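Model, not experiment: these values are computed from the prediction. So that the names make sense, note that chain A is the first sequence line, chain B the second, and so on, each numbered from 1.
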There are 2 protein chains.
Amino acid sequence: MEPGYSNVTEPVEKAEVSGHFHGRCHTVNSVLTRIGDKWSVLTVMLLAEGPCRFNELKRRIGDVSQRMLTLTLRGLERDGLVKRTVYPTIPPRVDYELTDLGHSLRQPVEALGNWAFEHHDRIAKARAAYDRSAGEI
Amino acid sequence: MEPGYSNVTEPVEKAEVSGHFHGRCHTVNSVLTRIGDKWSVLTVMLLAEGPCRFNELKRRIGDVSQRMLTLTLRGLERDGLVKRTVYPTIPPRVDYELTDLGHSLRQPVEALGNWAFEHHDRIAKARAAYDRSAGEI
DNA sequence: CAGTATCCTCCCAGATACTG
DNA sequence: CAGTATCTGGGAGGATACTG
């Protein structure tokens, strides 16, 4: 059994009922836990520039293991964010590219990225201050 | 330990992206892994409505363990997103509230939430289709 | 009430080896 | 090249008990 995607919580289906608060938060959370893993955002952002083969993707990301890149891509493919195209040549060639859905994710993700950029020194300082006062005790 | 990684023979086709791009992605990713955990977003969104005590927060979230809520709040406090105020009464009372920084996070998070809401049935269908065709094999 | 402290379990990432 | 298969440890998160 692969630990990657098959037993991930199934939040999307549960988005039932209620413009209620919890339903909404649960949905937000499901997206965040989906793309909040170690490699998904990086992968999506790289694919945003255009289709890419497996190993090229691996090289460009840098320190991802083969296994994790595979799992990440499978997860993204499963959710319809990435399309996988196999060319049955020898050696085999597989292209990955964003679907329309995948592209639509860029906007909100970049919004979050902008927030991160605008505030990451404030966060760093808050963190340092917190650690300092915690260390004093 | 062993740096034995492939810094050997790197043709590097699209290397011009790596500097700025990776830094940016790393920052995005750090934020996502920070708030992408199981309870942070839920907590922030609840606190967005106003200050709240520990146990009330716990009740409203519902199925969070005491330990995890504590850890979540400590993490948010450490990053300067949440302010913790202790009233040394008996019994003790502790209020949690969003800082300005915490409030500023609402916008991009809600953007992502909106994306999730707009697309979650497409995702669910993609997922179902993927699982179906995977199950056939 | 608002936490610590401890234990425990299962999941997940990484490493490694093999394959069509 | 683009994957699977398998093993392993480390850590996230839950349960429980105790405390100021």
Within a radius of less than 6.0 Å around [atom1] of [X], do more than 12 heavy atoms belonging to other residues, nucleotides or ligands occur?
X        : atom1 : answer
A/Lys83  : NZ    : no
A/Gln107 : CD    : no
A/Asn114 : CG    : yes

Between [N] atom [atom2] and [X] atom [atom1], what is the distance in whole Å?
X       : N      : atom1 : atom2 : value
B/Glu77 : C/dA2  : CD    : P     : 15 Å
A/Leu69 : D/dC1  : CG    : C1'   : 13 Å
A/Ile90 : C/dT19 : CD1   : P     : 18 Å
B/Met68 : C/dA5  : CE    : C1'   : 15 Å
B/Leu71 : C/dA2  : CG    : P     : 17 Å
A/Arg74 : D/dA2  : CZ    : P     : 12 Å

**Prompt:** So, for B/Leu81 and B/Leu101, which heavy atoms are closest and what is the spacing to 0.1 Å?
**Reply:** CD2-CG, 3.8 Å
**Asked** What is the minimum heavy-atom distance between B/Val41 and B/Ile35, and which atoms define it?
**Response** CG2-O, 3.4 Å
**Message:** At less than 4.0 Å, is any side-chain N or O atom of A/Tyr96 found next to OP1 or OP2 of D/dC1? Yes or no.
**Reply:** no
**A/Lys38 side, atom NZ; B/Thr33 side, atom OG1 - distance, nearest 0.5 Å** =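 Atom-to-atom, A/Lys38:NZ and B/Thr33:OG1 are 9.5 Å apart.
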**Check: B/Gly75 main-chain N/O paired with B/Arg34 side-chain donor or acceptor under 3.5 Å** =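 Looks like yes, one N/O pair under 3.5 Å.
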**Watson-Crick/G-U partner (both atom distances under 3.5 Å) of D/dG20** = C/dC1
**Prompt:** Which of the following nucleotides, C/dA17, D/dG13, D/dT6, is nearest to the side chain of B/Arg67?
**Reply:** D/dG13
**Item:** Check: A/Arg93 side chain, D/dA2 base, donor-acceptor under 3.5 Å
**Value:**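 By the distance-only test, no, there is no pair.
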**Message:** Let me spell it out: for each of A/Thr70 and A/Pro92, pick the nucleotide of DNA chain D with the closest heavy atom. Which residue's pick is nearer the 5' end?
**Reply:**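 Its nearest nucleotide lies further toward 5', so the answer is A/Pro92.
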**Strand-adjacent residues in residues 33-65 of chain B, judged by heavy atoms under 4.0 Å from DNA chain C** =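 B/Arg53, B/Phe54, B/Asn55, in order of number.
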